[in-house]
Amino acid sequence: MMKIITVYELEGAPTTADAASGGEEATPVVRRVHAAPTAPGSSALGPRTFCGKDTFAMEAAPGKPSEHPDSPWYAPEYADRVCSTCDAAMEDET
C-alpha cells in the first residue's frame, strides 16, 4: 500500500534576505493543499504531487493521511484550498 503525505503550497514564505535583515518573518499562507506519494522504498516525501507539481518548495502537513483512513486526507480548515486533481487521485486510491 502506498503512503500519502499532505503538502502545502505556500505563498509569502519568508526569504533568507528577510531573516538576515532582522525583519519580522511573515507567516506563510497556505495557497493550495496537495497530496503526494512517498518516495519509492522510503517514508520520505516523493518528488511530485499527484497533480505533477514539484514538492521541493512545499511544506509537509503534520500527520499523514494514511494513518487515519476514516478522515479526509487534508485538514478541514483548508478544504477550500484543496487541489482538485490531487483530490481526484485520492478518491481513486480509496
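Only a predicted model underlies this, so the values are computations on that prediction, with no experimental measurement involved.
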**Request:** Check the pair Tyr74 / Asp87 against side-chain contact (heavy atoms from CB on, under 4.5 Å), numbers first and verdict last.
**Result:** CA-CA 9 Å; Tyr74 52 85; Asp87 195 34; 4.2 Å; yes
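For the side chain to side chain contact (heavy atoms under 4.5 Å, CB included) with Trp73, the qualifying choice from Ile4, Val82, Ile5 is Val82, the only one to do so.
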Distance-only check: which donor-acceptor pairs under 3.5 Å involve side-chain atoms of residues 46-59, not counting sequence neighbours?
from, atom 1, to, atom 2, distance (Å)
Arg48, NH1, Gly52, O, 3.2
Thr49, OG1, Cys51, N, 3.4
Thr49, OG1, Gly52, N, 3.3
Thr49, OG1, Lys53, N, 3.0
Asp54, OD1, Phe56, N, 2.9
Thr55, OG1, Gly46, O, 2.6
Thr55, OG1, Pro47, O, 3.3

Check: residues 29-36 side-chain donor-acceptor pairs under 3.5 Å, at least two apart:
from, atom 1, to, atom 2, distance (Å)
Arg31, NH2, Glu9, OE2, 3.0
His34, NE2, Glu9, OE1, 2.7

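Residues passing the side-chain contact (heavy atoms from CB on, under 4.5 Å) test with Ser84, sequence neighbours excluded: none.
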